[in-house]
Amino acid sequence: MHSISIVNYYNTTPFLFGLNRSTLKNQLDIQLDIPSVCAQKLKNKTVDVGLVPVAILPKLENYYIISDYCIGANGKVDSVKLFANKPLNEITHILLDYQSRTSVTLVQVLNKHFWKLPIQFIDAKQGFEKEIHDTTGAVIIGDRTFGLTEYPYQYDLAEEWKKYTGLPFVFACWVSNKPLNPEFIAEFNAVLADGVNHIDEAVAEKPLHIKGFDAIDYLKYKISYDLNEDKRKALKLFLELME
């Protein structure tokens with residue numbers, strides 16, 4: 001039995017669809033968490049496998065990327081954004097989503113290496129979304145971004161990353177904190193592939209009814225699931241720029 005922590009956001013719907021209809025499910029203790037908790041559980045070794053924010057990787061004693069699938073984007077992702085009432089060059093403070101690790105690191109990397117603006121970053125707590133005002137913006141991630149239209153300035157962080165690097169971005173990947181059986185890894189990959197290849201069925205089983213939100217478009221054309229060579233190159237660059 002392997003314990004795994006998976007992000008409880010809509011973007012993992014295909015993964016969960018594949019897992020829930022596979023025989024592998026009987027060998028797994030599947031725990032649904034926010035990204036920061038996924039990371040903490042893998043770090044504390046309370047789970048064997050996690051779909052974890054990539055910003056946690058340098059903090060792990062040992063890690064093994066076990067899958068050819070990830071949560072990534074090649075341009076706009078639509079669910080990781082900086083929201084503000086002022087344009088970027090007028091923002092003085094940015095609240096950092098407590099649910100995230102990679103996304104809040106990404107906005108700081110973007111500012112340090114590309115925007116180069118005098119912005120103060122603030123670790124936020126629950127309810128911070130209501131604190132966006134004047135020159136204070138906020139990074140908000142996940143399902144809470146769907147239908148969030150009241151802010152006149154929205155900066156998609158995956159799109160900003162591609163603008164400056166020319167590369168896609170990897171938000172989270174499947175990681176174990178110990179070596180796993182190659183047969184399990186192969187079967188796990190096949191299950192994830194099955195889910196990614198049946199997005200229409202996954203959405204039909206788990207629809208999300210939010211005004212202006214197109215689940216098929218989001219999962220097929222905004223989220224990019226394959227951990228290909230370009231994404232691995234992007235991951236390497238991001239980890240270097242984090243230092």
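Taking K178 as the reference, D48 meet the salt bridge (charged side-chain N to carboxylate O under 4.0 Å, His left out) condition, with sequence neighbours excluded. Judged as a ring pair (Phe, Tyr, Trp, His ring centres under 6.0 Å), and not counting sequence neighbours, the contacts of F184 are H2, F188. By the ring pair (Phe, Tyr, Trp, His ring centres under 6.0 Å) test, Y218 pairs with F146, F213, sequence neighbours left out.
The shortest distance between side-chain heavy atoms of L88 and Y153 does not fall below 4.5 Å. Side-chain atoms of L167 and F238, non-hydrogen and from C-beta on, never get closer than 4.5 Å to each other. When side chains are defined from C-beta on, L82 counts as touching L157, because their heavy atoms get closer than 4.5 Å. The shortest distance between side-chain heavy atoms of I34 and N8 does not fall below 4.5 Å. You'll find the side chain of N177 stays beyond 4.5 Å of the side chain of N62, heavy atoms only. A heavy-atom distance below 4.5 Å is not found between the side chains of E150 and F83. Taking 4.5 Å as the limit, some side-chain heavy atom of P14 sits within range of a side-chain heavy atom of L219. Residues S67 and L192 have side chains in contact (heavy-atom distance under 4.5 Å, counting atoms from C-beta outward).
Using the six-membered ring where Trp is involved, F15 and Y69 have ring planes that are perpendicular, over 60° apart on the 30 and 60° scheme.
Under 4.0 Å is where a charged nitrogen must lie from a carboxylate oxygen, and between R232 and D68 at least one such pair does. Note on K162 versus E159: no salt bridge recorded, every NZ/NE/NH1/NH2 to OD/OE distance being 4.0 Å or above. With respect to E240 and K236, a salt bridge is recorded, a charged nitrogen being found less than 4.0 Å from a carboxylate O.
Of the possible donor and acceptor atoms, none in the side chain of D194 sits under 3.5 Å from a partner among the backbone N and O of G18. For K231 (side chain) and D226 (main-chain N/O), a donor-acceptor pair under 3.5 Å exists by modelled atom type. Without hydrogens or angle criteria, N44 side chain to T46 main chain gives no donor-acceptor distance under 3.5 Å. With hydrogens and angles disregarded, a donor-acceptor distance shorter than 3.5 Å links the side chain of N181 to the backbone of E183. Not a single donor-acceptor pair under 3.5 Å links the side chain of Y225 to the backbone N or O of N197.
The minimum heavy-atom distance linking V77 with I223 is given by the pair CG2-CD1, 3.6 Å. Contact record, L51 with I6: CD2-CG1, 4.0 Å, taken as the closest heavy-atom pair. G75 and D156 get closest at one heavy-atom pair: O-OD1, 4.2 Å. Of all heavy-atom pairs between G137 and A84, the closest is CA-CB, 4.1 Å. In this structure, K112 and E243 approach most closely via the heavy-atom pair NZ-O, 3.5 Å. Contact record, N74 with P168: OD1-CB, 3.8 Å, taken as the closest heavy-atom pair.
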Test side chain to side chain contact (heavy atoms under 4.5 Å, CB included) applied to I4 and L19, step by step: CA-CA 11 Å; I4 74 169; L19 286 165; 4.2 Å; yes
Pair Y155-V107, side chain to side chain contact (heavy atoms under 4.5 Å, CB included): steps then yes or no: CA-CA 10 Å; Y155 298 91; V107 74; over 6 Å; no
Test side chain to side chain contact (heavy atoms under 4.5 Å, CB included) applied to D78 and T145, step by step: CA-CA 8 Å; D78 277 356; T145 62; over 6 Å; no
Full working for side chain to side chain contact (heavy atoms under 4.5 Å, CB included) between F169 and F171: CA-CA 6 Å; F169 192 74; F171 288 98; 3.6 Å; yes
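Side-chain heavy atoms closer than 4.5 Å link hydrophobic residues (I, L, V, M, F, W, Y) into clusters, and following such links, even through other members, never connects Y98 to L106. Placement of M242 and W161 within a single hydrophobic cluster is found when ILVMFWY residues are connected by side-chain heavy-atom separations under 4.5 Å, directly or transitively. Hydrophobic clustering (side-chain heavy atoms under 4.5 Å, transitive across Ile, Leu, Val, Met, Phe, Trp, Tyr) keeps V80 apart from Y221. By the rule that hydrophobic residues join a cluster once side-chain heavy atoms approach within less than 4.5 Å of another member, I56 and L241 end up as members of one cluster. Put simply, I141 and I132 are part of two different groups of oily side chains (I, L, V, M, F, W, Y) that touch within less than 4.5 Å, one to the next.
Interatomic distance, NZ of K220 versus CD1 of I199, reported as 6.5 Å (0.5 Å rounding). With rounding to the nearest 0.5 angstrom, the CZ atom of F17 is 5.5 Å from the CD atom of E201. In this structure, CG in L227 is found 11.5 Å from CD1 in I66, a value given to the nearest 0.5 Å. Note that CG of L16 is 11.0 Å distant from OH of Y10, once rounded to the nearest 0.5 Å. Here the CZ-CD distance, from R21 to E205, works out to 8.5 Å after rounding to the nearest 0.5 Å. Atoms NZ and CG, on K86 and D134 in that order, are 5.5 Å from each other to the nearest 0.5 Å.
A side-chain hydrogen bond (donor to acceptor under 3.5 Å, both in side chains) check over residues 207-217, counting only residues at least two apart or in different chains, returns the pairs D217-K222. A side-chain hydrogen bond (donor to acceptor under 3.5 Å, both in side chains) check over residues 25-36, counting only residues at least two apart or in different chains, returns the pairs S5-D33, D29-Q31, Q31-K41, D33-K41.
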Can you give each donor-acceptor pair under 3.5 Å made by side-chain atoms of residues 120-129, sequence neighbours left out, with the distance rounded to 0.1 Å?
residue, atom, partner, partner atom, Å
Q120, OE1, H93, NE2, 3.2
E129, OE2, R144, NH1, 2.7

